[in-house]
Number of protein chains: 2
Amino acid sequence: MDKEQEILAAALKLFVEFGFQGTPTSKIAKEAGVANGTLFHYFKTKEDLIVNLYNRIKTSLNDYLFLKQNEGDSLQTKMKKIYTASLEWGLAHRPEFYFIQQFHFSPHLAKVSPEDIEKQTKLHTRLLQDAIQTGVLKPLPMDLISSLLASHVYGVYQYLLKSNLTESQQAETIDNSFLLIWGMITK
Amino acid sequence: MDKEQEILAAALKLFVEFGFQGTPTSKIAKEAGVANGTLFHYFKTKEDLIVNLYNRIKTSLNDYLFLKQNEGDSLQTKMKKIYTASLEWGLAHRPEFYFIQQFHFSPHLAKVSPEDIEKQTKLHTRLLQDAIQTGVLKPLPMDLISSLLASHVYGVYQYLLKSNLTESQQAETIDNSFLLIWGMITK
DNA sequence: GTCTATATCTCGATAGAC
DNA sequence: GTCTATCGAGATATAGAC
């Protein structure tokens, strides 16, 4: 791993544990095994580092979700795959998943460019628009469905974190909870 | 409003806008119209102020929800009332609602005492236990239902914030969305 | 309780050698 | 690109008069 990656990895670890406030750049550099000045070679400011980290994590999640999509699948299958993949990624990347939420409730969110936001929501938006086209969904505002889907995923995620289930029990819970939300938004 | 309240109100406003990191105690004191030293008379440390603010807000929300409960109501009505009241409170207290989330994704969360946490979840837990007793709910783990309920409220809240609805449209959305979640968790 | 003044410290960021 | 050394700003918290 090169120095830049080391810095990002160290920053993620410390931000999740101590928050943005509680993590000085000096500690990040130390944890990453680089000099203080090196951090500021790669990132102009601390905020620059934070926003960069966020965008990379979101891109990584997005790429994973995109990878799981299959052109030939039915719409329900596509939605189930993106649903399942989101939870699986979250479970396999807990610090990253936590960081995303942490970032969303911070003033740094305002520093993400509109283009980056658009990139990160495109896949979901597209899928949902298609679903509405088919007429399989209840006649609800798209923003509401979108919001309900996202929060449902988050609710299941929180449950999975707390309860110590085996992998197969986890998979079963994910399957069942998809049916719950699918039943809720379809006619 | 006495000085302590002024400090808490100023802290809330600034934390929501600039985050914990971005809000020095000096600015809080200034915004509250008190001297720097006065802040530290009421709160030993900055963290003490943050955690205090959180507990007061949670207590205030809890009191409001409790107030809306009625012993004679049916279980579905009780749940609908607590659901509706949560959203109404959130809409009427946006900075407070945001602050709660912000706090939850910060290291300060670990500083809340178990007793305080228990107090803050008791009403919900009790209601859900009763609901399970009656057999009206699907046979799902209580923690899962609890988590789904909370996140559903949050999802609807996010939608209500984004969409500019009239008060009656808001009320209608809340009614409808309760039916959605109720249909999802009941047999 | 409230204020002013300030001590002490740490942080983010830079300069400049290598 | 990476390091060491350091500056200047601004942070939390305290001391002590009123």
Side-chain angles (χ1 to χ4, degrees), chain A residues 1-57 95 99 102-103 105-113, chain B residues 1-57 95 99 102-103 105-113:
Chain A
M1 208 158 47
D2 65 13
K3 306 248 172 195
E4 189 180 12
Q5 292 299 319
E6 293 283 5
I7 292 166
L8 288 163
L12 172 62
K13 182 185 165 188
L14 295 172
F15 285 149
V16 166
E17 187 169 357
F18 304 108
F20 298 124
Q21 167 179 38
T23 307
T25 51
S26 56
K27 287 238 175 68
I28 296 172
K30 200 173 181 182
E31 171 83 22
V34 304
N36 207 310
T38 304
L39 188 151
F40 287 95
H41 169 72
Y42 287 104
F43 306 97
K44 269 196 290 292
T45 65
K46 185 181 181 181
E47 172 146 79
D48 189 39
L49 166 61
I50 293 172
V51 177
N52 248 282
L53 180 56
Y54 174 75
N55 279 326
R56 286 169 203 238
I57 287 174
F99 178 84
Q102 185 184 23
F103 184 89
F105 290 104
S106 82
H108 307 296
L109 177 60
K111 291 294 185 332
V112 180
S113 73
Chain B
M1 209 159 44
D2 65 13
K3 305 249 173 195
E4 189 179 13
Q5 293 299 318
E6 294 282 5
I7 292 166
L8 288 163
L12 172 62
K13 182 186 166 188
L14 295 172
F15 285 149
V16 165
E17 188 168 357
F18 304 108
F20 299 124
Q21 167 179 38
T23 307
T25 51
S26 56
K27 287 240 174 68
I28 296 172
K30 199 173 180 184
E31 171 83 23
V34 304
N36 208 310
T38 304
L39 189 151
F40 288 95
H41 169 72
Y42 287 103
F43 306 97
K44 268 196 291 293
T45 65
K46 184 181 180 179
E47 171 145 79
D48 189 39
L49 166 61
I50 293 172
V51 177
N52 248 282
L53 180 56
Y54 174 76
N55 280 326
R56 287 171 201 238
I57 288 174
F99 178 84
Q102 186 184 23
F103 183 89
F105 289 104
S106 82
H108 307 296
L109 177 60
K111 292 293 187 328
V112 180
S113 73

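Chain naming here is simple, since letters A, B, ... match the order of the sequence lines and numbering starts at 1 in each. Keep in mind that what you see is a predicted model, and the values were worked out from it rather than measured.
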Backbone N or O of B:Phe20 within a donor-acceptor pair of the B:Lys46 side chain at under 3.5 Å? yes
Checking A:Gln102 side chain against A:Phe15 main chain: does a donor-acceptor pair fall under 3.5 Å? yes
Close residues, residues 48-57 of chain B, relative to DNA chain C [heavy-atom separation under 4.0 Å]: none
Less than 4.0 Å between a side-chain N and a carboxylate O, is that true for B:Glu17 and B:Lys27? no
Which residue pairs pass the ring pair (Phe, Tyr, Trp, His ring centres under 6.0 Å) test when at least one of the two sits in residues 28-51 of chain B, sequence neighbours left out? none
For the student: nearest non-hydrogen atoms of A:Pro95 and A:Leu12, plus distance: O-CD1, 3.9 Å
Nearest non-hydrogen partners of A:Leu109 and A:Phe103, listed with the distance: CA-CE2, 3.5 Å
Across all chains, not counting sequence neighbours, the salt bridge (charged side-chain N to carboxylate O under 4.0 Å, His left out) partners of A:Lys13 are A:Glu31
Let's test your reading of the pairing rules: Watson-Crick or G-U wobble, both distances under 3.5 Å, then write DNA chain C as a dot-bracket string with ( ), [ ], | and dots. ||||||||||||||||||
All N/O contacts under 3.5 Å from nucleotides 9-12 of chain C to the protein, with atom names and distances to one decimal?
from, atom 1, to, atom 2, distance (Å)
C:dG12, OP1, A:Lys46, NZ, 2.7
C:dG12, OP2, A:Thr25, N, 2.6
C:dG12, OP2, A:Thr25, OG1, 2.7

For the atom pair [atom1] ([X]) and [atom2] ([Y]), what is the distance rounded to the nearest 0.5 Å?
X: A:Thr23; Y: B:Gln21; atom1: OG1; atom2: CD; result: 9.0 Å
X: A:Leu39; Y: A:Asp48; atom1: CG; atom2: CG; result: 10.0 Å
X: A:Thr38; Y: A:Glu6; atom1: OG1; atom2: CD; result: 12.0 Å

B:His108-B:Tyr54 aromatic ring centre distance below 6.0 Å: no
Taking 5' to 3' order, which nucleotide of DNA chain D is first and which is last to have an atom within less than 4.0 Å of a heavy atom in chain B? D:dA11 to D:dT14
Between A:Arg56 and A:Leu53, is the side-chain contact (heavy atoms from CB on, under 4.5 Å) condition met? List the steps. CA-CA 5 Å; A:Arg56 286 169 203 238; A:Leu53 180 56; 5.6 Å; no
